[in-house]
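Note sheet for the following structure.
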Amino acid sequence: GISLLPTRLPSSVQDGIGRTVGGAGITPNMISLFGFGGNLAAAWLITQDHLLWAGIVYVCFSALDLVDGAVARATGLASPFGAVFDAVLDRASEAIVLASCAWYFAERGEQVQVAMTSAAIFGSIAVSYMRARAEVVGLSMREGLFRRQERVALLTIGLLVNGLTVVIGALAVLANIPALQRFWMLRQGIRDYPPKGLPPRGGRQSSSPGAVAGWVRGPLPGAGSSRP
């Protein structure tokens, strides 16, 4: 898929970080939790009107998302559960930080900005939900413009330069673009499903229960792959 910012570090850098951090006994799940805790701290700083410090904390701890996958691969701890665990914490972190922005605006009586922040939260959740639903029916859905790394970068800029209103307005629009894009792609792709010889859900049962189960459930998101 198209990405404005990298989703992972260069292989040589990843390997070095993975071996060093993993050798210290730090697990990928520990890194994910540490990053989540840092984002909680950033959210609290936003509610306290410390936007500059919030931006610094937010970008530093969000960057750990580039590290946990490298550690998982270097230590052989990559697993479907680790991928899901990391993805859930990423979504929760982003939603909580955006919710703190809504709090920040609400405390100032800026209701338009609160509404824009709500739209940004919806977009950030919807884009992940579209991917999850696509994977349920066996479709890969990694494509999309303006994904999480771009949203984190833009929000960080808004916090650092005290331009939160402008950035939230942009996120209200841009965060929903990949959700709409993936919805259209899912609509187009699902026309080719179920696979040939397999009835759609609610149709007559196939003689192969395993095949039907695969169509209904699809692959587990993250199964057989490293952390996202």
- Between OG on residue Ser124 and CG on residue Asn176, distance to nearest 0.5 Å: 8.5 Å
- Task: Kindly state each residue pair satisfying side chain to side chain donor-acceptor pair (under 3.5 Å) with at least one member in residues 153-174, sequence neighbours excluded.
- Result: none
- Task: Please examine the side chains of Cys101 and Leu164, heavy atoms only from C-beta on, and report whether any two atoms are closer than 4.5 Å.
- Result: yes
- Message: Please find the pair of heavy atoms, one from Ala41 and one from Val57, that lie closest to each other, and give the distance.
- Response: CB-CG1, 4.4 Å
- Query: Sequence neighbours excluded, which residues qualify as side chain to side chain contact (heavy atoms under 4.5 Å, CB included) partners of Leu180?
  - Reply: none
- Straight-line distance of Leu45 CG to Leu40 CG, nearest 0.5 Å: 11.0 Å
- Determine which pairs satisfy salt bridge (charged side-chain N to carboxylate O under 4.0 Å, His left out) with at least one residue from residues 37-48, sequence neighbours left out, and list them in order. none
- Considering all heavy atoms of both residues, which atom of Ala70 and which atom of Leu66 are nearest to each other, and what is their separation? CB-O, 4.2 Å
- Taking all non-hydrogen atoms of both residues, which atom of Pro28 and which atom of Asp68 are closest, and how far apart? CB-O, 3.7 Å
- Task: Indicate the atoms forming the closest heavy-atom contact of Ile96 with Ala43, along with that distance.
- Result: CG2-CB, 3.8 Å
- May I ask whether Ile26 and Ile17 are part of the same hydrophobic cluster, defined by side-chain heavy atoms of I, L, V, M, F, W, Y residues being less than 4.5 angstrom apart, directly or through others? yes
- What are the two closest heavy atoms between Val127 and Pro178, and how far apart are they? CG2-CB, 3.6 Å
- Message: Treating Thr47 as the side-chain partner and Trp44 as the backbone partner, does any N or O pair qualify as donor plus acceptor under 3.5 Å?
- Response: yes
- Query: Are side-chain heavy atoms of Ile56 and Leu159 found at a separation under 4.5 Å?
  - Reply: no
- Note on the structure: Here the gap from Ile125 atom CD1 to Met130 atom CE, rounded to the nearest 0.5 Å, amounts to 12.5 Å
- Out of curiosity, does Met116 fall in the hydrophobic cluster containing Phe122 (side-chain heavy atoms, cut-off under 4.5 Å, transitive links)? no
- Scan residues 93-115 for pairs that pass side chain to side chain donor-acceptor pair (under 3.5 Å), counting only residues two or more places apart or in two chains. Asp49-Arg108, Glu94-Arg151
- Task: Give every residue pair that meets the salt bridge (charged side-chain N to carboxylate O under 4.0 Å, His left out) criterion with at least one member in residues 113-122, sequence neighbours excluded.
- Result: none
- Using side chain to side chain contact (heavy atoms under 4.5 Å, CB included) as the criterion, list what pairs up with Leu154, not counting sequence neighbours. Phe146, Val167, Ala170, Leu171, Leu174
- Quick one: side chain to side chain contact (heavy atoms under 4.5 Å, CB included) partners of Phe34, sequence neighbours excluded? Phe61, Leu64
- Separation of Ile46 CD1 from Phe105 CZ (nearest 0.5 Å): 9.5 Å
- Item | side chain to side chain contact (heavy atoms under 4.5 Å, CB included) involving Ile157 - partner list, sequence neighbours excluded | Val161
- If two hydrophobic side chains count as joined below 4.5 Å and joins carry through other members, does Phe85 share a cluster with Tyr129? no
- Note on the structure: Closest heavy-atom pair, Ala179 versus Gly123, reported as atoms and distance to 0.1 Å, is CB-O, 4.4 Å
- Item | Interatomic distance, Arg91 atom CZ to Leu89 atom CG [nearest 0.5 angstrom] | 10.0 Å
- Query: Ser62: what forms a side-chain hydrogen bond (donor to acceptor under 3.5 Å, both in side chains) with it, not counting sequence neighbours?
  - Reply: Asn39
- Pairs where residues 27-40 contributes a residue and the test salt bridge (charged side-chain N to carboxylate O under 4.0 Å, His left out) is met, not counting sequence neighbours: none
- Just wondering, do Leu160 and Leu52 contact through their side chains at under 4.5 Å, heavy atoms? yes
- Query: Does any non-hydrogen side-chain atom of Val71 lie less than 4.5 Å from one of Thr27?
  - Reply: no
- Say you draw a straight line from OG1 of Thr117 to CD1 of Ile168; how long is it, rounded to the nearest 0.5 Å? 4.5 Å
